[in-house]
Student: 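I'd like to ask some things about the structure below.
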There are 2 protein chains.
Amino acid sequence: MVGIGIDGAGREGDTPSGKTRDALRAAHLYYLQDLTMDAIAKELHTSRSSVSRLLSHARATGLVEISIHSPLDLPSRLEQEILARHEVSAHVVPVPDHASDVDRLERVALSAARILSRFIDSNQTIGVAWGSTMSAMSRHLAPKATHNSEIVQLNGAGNLRTTGILYASELLRRFGDAFGARVQQFPVPAFFDDPATKEAFWRERSTRRLLDLQAAMDVAIFGVGSPFAEVPSHVYQGGYLERADFEALSREGAVGDVATVFYRADGSTDGITLNTRATGPDFAVLRRAPRRICVVSGRAKLPSLRGALAAGLITDLIVDEGTARALVETSAGAPAATSADPA
Amino acid sequence: MVGIGIDGAGREGDTPSGKTRDALRAAHLYYLQDLTMDAIAKELHTSRSSVSRLLSHARATGLVEISIHSPLDLPSRLEQEILARHEVSAHVVPVPDHASDVDRLERVALSAARILSRFIDSNQTIGVAWGSTMSAMSRHLAPKATHNSEIVQLNGAGNLRTTGILYASELLRRFGDAFGARVQQFPVPAFFDDPATKEAFWRERSTRRLLDLQAAMDVAIFGVGSPFAEVPSHVYQGGYLERADFEALSREGAVGDVATVFYRADGSTDGITLNTRATGPDFAVLRRAPRRICVVSGRAKLPSLRGALAAGLITDLIVDEGTARALVETSAGAPAATSADPA
DNA sequence: GCACCCCTTGCACGTTTGTTCACGCGGCTT
DNA sequence: AAGCCGCGTGAACAAACGTGCAAGGGGTGC
């Protein structure tokens, strides 16, 4: 873990070598002037291969940004529908219907990571949740230089590692690296065993500091959990919850969670006992963030997503096509089996 | 010249075929999800070649935008220098020093065209000059959809066609097409023979309307002319000016022109007789536009560029590297032979 | 209704690009 | 001082890509 140095640039002179500088120049020549890599190699006095690598570097480090604009007159039917019905600006990620859930998640996460750059800026406090979706995203973030921004962990994470899920610290670090932001860990388990412990903890000064940061978030990024789907997600695998917890959740009508806080199909949370032991932010706190980005992949999460929408947790939704379609198809008249969701 | 139609899209339905829609989807898959064209072909049920073409289309029509960000901490030394000395935000286009003038112009124009998109937006009045630089640019504009914008011709153009220079109408049309903007032609010669004719013309209602538009410009785009360079540009080739005119210009100390209006090294224009017959906007009018983008390529235009800077005509400068270097090198202490240019 | 034309498609080829490998240089350690 | 490690380089190969070409299909004009 050596310094994040400025890789040799920074000095005066006409051709101050330095990888980033070269990459920048190569990118200019390639993307703005349509030269072939061969031609660029000659101009930079190096080999084609190196130019190829420089360009990869340029893309990977966010020197080059590729964005896609719908021509305004035809934003996908789906995105319009979702906006109209849920007052949420949606980004539908095209994924073939037959794709596997893993594929789907991976592809949504990839797109989401790229789209995210638009929302991140300097001087922001950015709340990040934890889960397989976030984990996948973290692996693909397109770096974007910002100053004085801060990544805040939204909920505790215990320390168990399940397939494909990284330690929360690793996940957060990636977000921090990508945006050059400080990282604020939240070193608590996902759920306390005893609500009293949580309350005690919540009175700690160090905890308060973090909660204050959460309350001042500019952007929050999270997935949704769906405890009763066939393919249960993160929290439900790692042994964080016991059979009794699931039964209670089921009895109390929970359909999903955001950052360990559970809600019903209508978005309500009152009386869900598990929440007294959860470490994620109260929805009232979450909703203070002006931008709340939710990433969802897979129809299995539909009821959960619906609930999060009902709770008004989401301002920007990144979702795979199939799920988006299901969302608008059923929300018209026939409510899903799980809930009533009045238009 | 068939309709600019909406090429089949626009209907309801789940998979509303339509080239633009497909292109959009392909672009998503390619640029946001890193699929290969082969994979995309399968998802779209078409051939690889078609996908390649779709992506070309997507790029060519501005569905995909590729931009390059300097990491803020190291914007080229040159750009900083120019900003500091001339209060102009510069975009330096990397071009090898040994490139031919034609190459250089072409490459600067290409970059400029791509950069231009950032400056163009809806509801704007955009003034466009005429010349070999503008002509080259017009051939590479990256379309960007806008509403209710207007392209205004800055100066007359006669009707002669010299190498590589297109009729002004063609040039303007390209700008209009690229941005979906209305085009306002200015059907006058580049220079009147008699100042009186110009004045008469200027009193015409139709002319006034156009002049009013010019006065309300949001953006102006132009090159600079340098009548006394070895490779004289546009206006000086087409027989617009006679030997006597050149002599007068020389005698009166002119170093260059912007949109047919000439100026001295110190930016002054008073007493340059040719200007009474010129059709371009008075600098006072030009300077009303909040953004004034100047595209310059080739060291030969340096004195001319310097004068335009002195006249305060420029807010954004797009310039090739060699010229940029020359600009900052000499403006430090030793003024060019042609002028005194107090810092 | 038929013929024509233009636009689009997929194939095949040549080019361009990504990646693997072996090597060489410089810095740091022992 | 020698050795080791890691990084960056260029060559060679394999994959991915762009484009000329001939064929097919839909619409238009006669």
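Numbered from 1 within each chain, the chains take letters A, B, ... in sequence-line order.
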Student: Between dG10(C) atom P and His45(B) atom NE2, what is the distance in whole Å?
Tutor: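 Going from NE2 in His45(B) over to P in dG10(C) covers 12 Å.
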Student: Can you tell me how far CG of Asp101(B) sits from CZ of Arg299(B), rounded to the nearest 0.5 angstrom?
Tutor: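 Atom-to-atom, Arg299(B):CZ and Asp101(B):CG are 11.0 Å apart.
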Student: Without decimals, in angstroms, what is the distance between Asp34(A) CG and dT16(C) P?
Tutor: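 It works out to 13 Å between those atoms.
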Student: Could you tell me whether Asp177(B) and Arg173(B) make a salt bridge, using a distance below 4.0 angstrom between a side-chain N and a carboxylate O?
Tutor: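 Yes, Asp177(B) and Arg173(B) are salt-bridged.
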Student: One thing to verify: whether Glu106(B) and Arg139(B) come together as a salt bridge, which I'm taking to mean a side-chain N less than 4.0 angstrom from a carboxylate O.
Tutor: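 Salt bridge present between Arg139(B) and Glu106(B).
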Student: May I ask you to decide whether Glu321(B) forms a salt bridge with Arg25(A), counting only side-chain N to carboxylate O separations under 4.0 Å?
Tutor: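 Result for this pair is yes, salt bridge flagged.
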Student: After noting the C-alpha distance and the side-chain angles of Asp34(B) and Arg114(A), does the key distance pass the salt bridge (charged side-chain N to carboxylate O under 4.0 Å, His left out) rule?
Tutor: CA-CA 11 Å; Asp34(B) 289 344; Arg114(A) 306 246 161 114; 2.8 Å; yes
Student: Could you check Asp320(B), Val102(B), Thr133(B) and say which one makes a side-chain contact (heavy atoms from CB on, under 4.5 Å) with Ser297(B)?
Tutor: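 The option that passes is Asp320(B).
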Student: Measure the distance from NE2 on His57(B) to C1' on dC17(D) and round it to the nearest whole Å.
Tutor: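 It is 19 Å, rounded to the nearest whole Å.
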Student: Expressed as a whole number of angstroms, how long is the span from Ile40(B):CD1 to dA15(D):P?
Tutor: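 The answer, rounded to whole Å, is 19 Å.
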Student: For every nucleotide of nucleotides 17-22 of chain C, 5' to 3': is a protein heavy atom under 4.0 Å from its base (B), only from its sugar-phosphate (S), or from neither (-)?
Tutor: BBBB--
Student: Return the value, rounded to whole Å, for the distance between atom CG of Leu44(B) and atom P of dT8(C).
Tutor: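 Roughly 16 Å, once rounded to whole Å.
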